[in-house]
Amino acid sequence: MEAYKEAIAECLTESLGQPTETIVPMLRIPPEAAWGDFAFPCFTLAKAWRQAPQQIAAQLAQQLTLAAPVAAVAAHGPYLNFTLDDDILSREVLQTIAREGERYGRGDEGRGKKVVIDYSSPNIAKELAFHHVRSTMIGHALKQILEARGYTVEGDNHLGDWGTPFGLLIAAYERFGWDDAADVEDIVQLNALYVRARNEAKVDAGFAAAGRHWFQRLEAGDPQARKRWRWFVDVSLAEFDKVYGLLGVSFEHTLGESFFEPYMDDAITELQGRGLVTESQGALVVDLSAYDMPPCLLKKQDGATLYSTRDLATVLYRKREWRFDTCLYVVDMGQSLHFAQLFKVLELAGFEWAANCHHIPFGLVLQRNPESGKWEKGSTRQGNASLLKTVLEAAIGMAREKMAASNPDLPDAELVARQVGVGAVVFNDLKNRRTRDVKFDQEAILNPQGETGPYMQYTQARCASVLAAAPETASVEPLYELLQQPEERALVRKLATYPAVVAEAARTWEPSVVAQHLLAIAADFNSYWTRGNKDPGRRILRPDAADLTVARAALTAAVRTVLCNGLKLLGVPAPDAM
RNA sequence: GCCCCCUUAGCUCAGUUGGAUAGAGCAUCGGACUUCUAAUCCGAGGGUCAGAGGUUCAAAUCCUCUAGGGGGUACCA
């Protein structure tokens with residue numbers, strides 16, 4: 001679509017006496033599609049020309065000479081509205097999509113640049129809560145989107161597997177034991193033990209001390225501590241992998257904080273060498289008071305490392321070993337200060353690449369507190385956070401039931417139910433701006449109607465279904481000028497802007513831009529489709545009119561391609577039937 | 001206290017770089033299946049864009065203040 005803006009600027013450049021580069025950014029999209037494809041507002045000319053913008057628009061509409069693909073210009077109040085040639089547009093857009101197929105939407109502005117994305121990053125010894133879907137799927141979508149735009153991307157699942165909590169967990173294991181005969185999965189028992197350890201530490205100082213001691217042993221490499229801890233990690237990873245498998249998510253690296261433990265002293269030494277580290281209240285810190293921030297803690301009074309220390313060692317490792325150009329942290333907004341501190345420390349240390357590290361914040365998942373009725377941050381500890389697995393299972397159950405009722409003969413129904421259930425949960429999370437807080441509402445997630453994953457999937461399945469029923473026409477050149485209905489014109493234009501939409505999502509690190517665009521395409525297509533219910537003349541397949549069938553099938557195929565490509569970027573599966 | 005984010009229809013949210021009449025979905029009400037998949041579509045009602053100032057030819061959008069909600073604020077991650 002950018003190329004067409006250029007063509008319109010070309011028409012204007014002579015009359016305005018301005019180069020096309022200054023005209024292109026002034027072009028707008030009219031609020032009504034029927035008015036045209038692009039609008040040029042005449043307000044800014046009013047001063048210089050000392051005329052009312054309405055007059056200027058009317059005058060320009062008279063005198064401009066148009067060249068293909070610009071088909072028409074009309075003054076509409078203070079705006080000059082340009083309409084592109086449908087025939088040319090349809091041909092170019094649909095041919096491009098047919099030619100590029102699953103590559104449509106890709107670009108190369110990221111070629112040669114490497115991005116490391118830190119996402120998902122759950123803590124071990126706990127089940128994945130619903131809120132983990134956010135970092136996991138936003139990160140996954142960003143990875144796909146950036147790859148589509150030519151970046152080389154490596155994902156790292158930075159497991160929270162190190163720190164005092166795991167000393168406490170070992171202490172709890174020692175004190176309370178493990179029930180091998182328990183009739184629950186290991187992860188469930190481990191999660192319960194974790195909760196018990198935290199609670200015990202609050203009321204029993206001796207236990208808390210034992211926990212800290214175990215963590216010191218762990219850091220010192222004590223074999224017994226290591227063995228227990230390793231087992232906790234393994235149980236957790238086995239559980240995480242089940243959910244990641246269901247979501248279709250994988251990582252290039254799953255290193256975890258523990259991996260960077262040997263690098264932490266070096267990281268501190270590095271900062272000390274640059275004169276940044278001071279001692280304060282018995283702890284090692286980088287003072288950030290000059291920047292209105294609390295100090296960045298590197299070592300506690302007891303010598304144990306912290307979250308910041310590990311993130312510091314991690315980013316230094318990533319830069320050194322993976323040589324990223326950009327490092328993205330897909331972590332909730334609650335940690336903004338932590339990342340501001342981290343990046344400031346890197347900057348103060350003189351690493352010019354600190355400017356290429358970015359926190360990609362997203363809103364919290366709020367749960368309704370049953371007592372106060374208020375929306376607040378969910379907590380696995382307080383037991384008021386839903387498990388991701390549970391929500392996914394509920395969504396799959398919804399899909400299964402719906403299909404049993406509406407499409408009982410569907411082959412591979414269980415697979416499709418999984419795809420639809422997962423799609424419902426994932427799309428629900430990605431369709432809105434990532435910085436918004438999310439009010440957890442399972443009923444809304446399970447509703448397959450309206451602006452939902454199942455709606456997107458259903459639309460794609462409709463395309464697949466009609467294309468499967470269409471006669472073989474691969475060798476026939478479609479007559480694009482037959483696509484003259486308003487819905488067809490609108491669809492072609494939305495398909496045309498898809499690559500720019502993906503580029504925008506990559507630039508702003510915002511997957512919802514893609515989701516919203518796909519929703520708009522699906523809405524147009526479904527509207528288009530339903531017109532054929534009443535009026536057989538407007539159906540895609542016209543046994544009585546081969547030319548129309550070919551042209552409409554070409555449009556349908558393009559819609560399907562874009563929906564599939566876009567859903568792939570978002571991590572939403574696209575079954576061909578449901 | 002200080003810092004960050006949010007506030008658009010009953011509910012959940014879109015709203016491009018400031019641009020023309022602020023749009024969807026859910027819910028409610030009324031319609032459309034002898035059909036290319038009705039998980040769809042069409043229509044209706046529903047708005048002081050939290051409030052007040054300011055900048056501008058033009059503000060939901062930018063600035064200031066106020067109110068309400070969420071989060072954070074050195075030894076948790």
Side-chain angles (χ1 to χ4, degrees), chain A residues 25-26 28-32 35 39 41 43-44 46-47 52-53 76-79 81 121 123 160 162-165 198 257 280-285 288 292-302 304 306-308 310-311 332-338 340-341 361 363-364 366 374-377 398-399 402-403 405-407 420 424 431-433 435-439 441 443-444 447-455 457-459 461-470 504 512-513 516 519-520 522-523 526-534 536 539-542 549 552 556 577-578:
Chain A
M26 295 170 73
R28 296 283 178 275
I29 294 172
E32 293 285 338
W35 296 356
F43 305 102
T44 48
K47 237 181 245 171
H76 192 291
Y79 292 87
N81 288 332
S121 309
N123 290 343
W162 206 244
T164 324
R198 282 194 82 101
E257 297 186 326
S280 170
Q281 302 175 24
L284 281 189
V285 307
L288 297 173
D292 288 326
M293 284 190 269
C296 177
L297 260 81
L298 301 176
K299 271 195 176 175
K300 300 199 284 185
Q301 287 172 343
D302 66 3
L306 290 109
Y307 185 39
S308 329
R310 280 165 236 145
D311 259 358
D332 76 72
M333 287 175 26
Q335 299 192 42
S336 299
L337 177 59
H338 164 72
Q341 291 177 298
L364 298 167
L366 305 179
K374 283 189 168 183
W375 291 97
E376 51 193 40
K377 190 176 171 181
M398 172 278 292
K402 173 72 187 162
M403 280 186 328
S406 64
N407 204 350
V420 173
K431 74 175 171 186
N432 294 137
R433 258 173 28 232
T435 48
R436 287 196 91 97
D437 284 348
V438 173
K439 290 170 185 156
D441 181 354
E443 216 172 299
N447 182 356
Q449 287 169 352
E451 300 171 324
T452 66
Y455 174 77
Q457 294 170 317
Y458 182 74
T459 310
R462 275 182 148 179
C463 293
S465 159
V466 77
L467 290 171
E504 165 80 0
S512 71
V513 173
Q516 291 292 334
L519 274 172
N526 283 319
S527 179
Y528 175 52
W529 172 292
T530 309
R531 301 208 191 272
N533 283 352
K534 261 299 188 44
R539 289 188 196 161
I540 294 162
L541 300 181
R542 289 283 304 275
T549 302
R552 291 176 183 175
T556 304
M578 60 188 274

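In the text below, chain A, chain B and the rest are named by the order of the sequence lines, each starting its count at 1.
No contact: R531(A) has no heavy atom under 4.0 Å from any strand. N447(A) comes within 4.0 angstrom of the backbone, heavy atoms only, and of no base. Within 4.0 Å of L337(A), counting heavy atoms only, lie sugar-phosphate atoms of the nucleic acid but no base atom. When heavy atoms are screened at a 4.0 angstrom cut-off, A469(A) is found touching no nucleic acid atom at all. Contact annotation for G532(A): base contact, defined as any heavy-atom pair under 4.0 Å involving a base atom. If you check every strand for non-hydrogen atoms under 4.0 Å, H76(A) touches a base. At a threshold of 4.0 angstrom between heavy atoms, the contacts of V420(A) include nucleobase atoms, whether or not backbone atoms are also involved.
Here G31(B) presents its P atom at 18 Å from CG of N533(A), a figure rounded to the nearest Å. One atom, CD1 of I540(A), and another, P of U37(B), lie 9 Å apart when rounded to the nearest Å. Atom CG in L366(A) sits roughly 7 Å away from atom P in G71(B) (whole-Å rounding). Rounded to whole angstrom, the span from the CG atom of N123(A) across to the P atom of C76(B) amounts to 14 Å. The distance from atom CE of M26(A) to atom C1' of U16(B) is 16 Å, rounded to the nearest whole Å. The CG atom of N526(A) sits 9 Å away from the P atom of C42(B) (whole-angstrom rounding). What separates CD1 of I29(A) from C1' of G15(B) is a distance of 12 Å, to the nearest Å. At whole-Å resolution of the value, CG in N432(A) and C1' in C11(B) are 13 Å apart.
Among the nucleotides C57(B), G71(B), C36(B), the one closest to the side chain of W529(A) is C36(B). For R433(A), counting side-chain heavy atoms from C-beta on, the closest listed nucleotide (G70(B), A39(B), C6(B)) is C6(B). Listed nucleotides U21(B), A39(B), C41(B) differ in distance to E32(A); the shortest reach to its side chain belongs to U21(B). Comparing C76(B), A14(B), U73(B) by their nearest atom to the side chain of Q516(A) picks out A14(B). Residue P295(A) places its side chain closer to A74(B) than to any other of A14(B), U37(B), A74(B). Among G70(B), A77(B), G25(B), the nucleotide with an atom closest to any side-chain atom of D437(A) is G70(B). Listed candidates were G71(B), C36(B), U37(B). Nearest to the side chain of S465(A) is U37(B). Residue K439(A) places its side chain closer to U12(B) than to any other of A24(B), U12(B), A39(B). Among the nucleotides A39(B), U21(B), A77(B), the one closest to the side chain of K402(A) is A39(B). In the set G19(B), A20(B), A39(B), A20(B) carries the atom at the smallest distance from any side-chain atom of A39(A).
For the pair R462(A) and A38(B), the criterion of a side-chain N or O lying under 4.0 Å from OP1 or OP2 is met. Contact check, S527(A) against C42(B): a side-chain N or O comes under 4.0 Å of OP1 or OP2. At A39(B), one or more side-chain N or O atoms of Y458(A) fall inside 4.0 Å of OP1 or OP2 (strictly under the cut-off). Residue R28(A) has no polar side-chain atom (N or O) positioned under 4.0 Å from OP1 or OP2 of U16(B). OP1 and OP2 of A74(B) both lie 4.0 Å or more from every side-chain N or O belonging to K299(A). Taking 4.0 angstrom as the limit, R436(A) places a side-chain polar atom (N or O) nearer than this to OP1 or OP2 of U7(B).
The side-chain ring of Y455(A) is not stacked on the base of A39(B), judged by centre separation under 5.5 angstrom and plane angle under 30 degrees. In this pair, Y79(A) lays its aromatic ring flat on the base of A20(B), centres within 5.5 Å and planes under 30 degrees apart.
Here the closest non-hydrogen pair linking C296(A) and S308(A) is SG-CB, 3.8 Å. Of all heavy-atom pairs between W162(A) and R310(A), the closest is O-NH1, 3.2 Å. Contact record, P30(A) with W35(A): CB-CB, 4.2 Å, taken as the closest heavy-atom pair. Contact detail for L519(A) and T452(A): the closest heavy-atom pair is CD2-N, 4.5 Å. R539(A) and R552(A) get closest at one heavy-atom pair: O-NH1, 2.7 Å. Considering all non-hydrogen atoms of both residues, L364(A) and D437(A) come closest at N-OD1, 2.9 Å.
U66(B) and G25(B) are spaced 39 Å apart, taking the P atom of each and rounding to whole Å. Taking atom C1' on both nucleotides, U28(B) is separated from G10(B) by 10 Å, rounded to a whole Å. The gap from the C1' atom of A77(B) to that of G71(B) amounts to 16 Å, rounded to the nearest Å. Rounded to whole Å, the C1' atom of A60(B) lies 8 Å from the corresponding atom of G15(B). The P atoms of G53(B) and C49(B) are separated by 13 Å, rounded to the nearest whole Å. Rounded to whole Å, the P atom of U7(B) lies 11 Å from the corresponding atom of U61(B). Taking the P atom of each, G69(B) and U8(B) are spaced 14 Å apart, rounded to whole Å.
When each of L467(A) and G163(A) is assigned the nucleotide of RNA chain B bearing its nearest heavy atom, the one mapping closer to the 5' terminus is L467(A).
Side-chain N/O atoms of N81(A) and base N/O atoms of A20(B) include a donor-acceptor pair closer than 3.5 Å. Between the side chain of S280(A) and the base of A74(B) there is at least one donor-acceptor pair of N/O atoms closer than 3.5 Å.
Taking 4.5 Å as the limit, every side-chain heavy atom of P295(A) sits out of range of all side-chain heavy atoms of L288(A).
When only modelled atom types and interatomic distance are considered, T459(A) and N526(A) share a side-chain donor-acceptor pair under 3.5 Å. Between the side chains of Q449(A) and Y458(A), no donor-acceptor pair of N or O atoms lies under 3.5 Å.
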